[in-house]
Asks: 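Take this structure, written in structure tokens, and hold onto it; I'll ask about it next.
Everything numeric here is computed off the predicted structure, so don't read it as measured data.
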Amino acid sequence: MPATHHYSPEYIDHLTPEAVAALARRLEEDDYDTPFAALEDWHLLRAIAFHRPELVEPYLYLLDLEAFDES
């Protein structure tokens, strides 16, 4: 069974827009050795979306999340 990863807020705080873009590019290309590697990247992108949404906004389509307007 694959390990469950926890991404600390400190780890996410140190991610750069370039690192997030590279993560999104890997997900777009879907060129992983295992499905678990893709899932790990997806979970990281999701964690970033919750902690630093400004970094993930251009890549929300990869998460099947949509920003919603409460107005």
Asks: For the residue pair Arg52 and His14, what are the closest heavy atoms and their distance?
Replies: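 Scanning both residues, the minimum pair turns out to be NH1-N, 4.4 Å.
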
Asks: Any chance you could measure Leu45, atom CG, to Phe50, atom CZ, to the nearest 0.5 Å?
Replies: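 So the gap between those two atoms works out to 10.5 Å.
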
Asks: Looking at OH of Tyr7 and CG of Asp13, how far apart are the two atoms once the value is rounded to the nearest 0.5 Å?
Replies: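 So the OH of Tyr7 and the CG of Asp13 are separated by 15.5 Å.
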
Asks: Which heavy atom of Ala38 sits nearest a heavy atom of Asp30, and at what distance?
Replies: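 Looking at all heavy atoms of both residues, the closest pair is CB-OD1, 4.4 Å.
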
Asks: What are the two closest heavy atoms between Leu63 and Ala49, and how far apart are they?
Replies: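 Shortest heavy-atom contact: CD1-CB, 3.8 Å.
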
Asks: Could you tell me which non-hydrogen atom of Leu55 sits nearest to which non-hydrogen atom of Leu15, and how far apart they are?
Replies: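 Of all heavy-atom pairs spanning Leu55 and Leu15, the closest is CD1-O, 3.9 Å.
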
Asks: Taking salt bridge (Lys or Arg N to Asp or Glu O under 4.0 Å) as the criterion, tell me which of Arg25, Arg46, Arg26 meets it with Asp41.
Replies: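 When Arg25, Arg46, Arg26 are each tested with Asp41, the salt bridge (Lys or Arg N to Asp or Glu O under 4.0 Å) holds only for Arg26.
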
Asks: Counting neighbours of CG on Asp33 that are heavy atoms of other residues, nucleotides or ligands and sit closer than 6.0 Å, is the number greater than 12?
Replies: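 Check fails, neighbour count at 12 or below.
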
Asks: Return the set of residues passing side-chain contact (heavy atoms from CB on, under 4.5 Å) with Ala21 (not counting sequence neighbours), or none when no residue passes.
Replies: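 In terms of side-chain contact (heavy atoms from CB on, under 4.5 Å), with neighbours along the sequence ignored, Ala21 is linked to Tyr59.
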
Asks: In this structure, are over 12 heavy atoms from other groups packed under 6.0 Å from Glu54 atom CD?
Replies: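 For Glu54, atom CD is crowded (more than 12 foreign heavy atoms under 6.0 Å).
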
Asks: For Tyr32, I'd like to know if atom OH has over 12 heavy atoms of other residues, nucleotides or ligands within 6.0 Å.
Replies: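 More than 12 within 6.0 Å, yes.
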
Asks: Less than 4.5 Å apart, side chain to side chain, heavy atoms only: is that true for Trp42 and Asp64?
Replies: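 Result no, sub-4.5 Å side-chain heavy-atom pair not found.
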
Asks: Roughly how far, to the nearest 0.5 Å, is CG of Leu39 from CG of Leu27?
Replies: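 If we round to the nearest 0.5 Å, Leu27:CG and Leu39:CG are 10.0 Å apart.
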
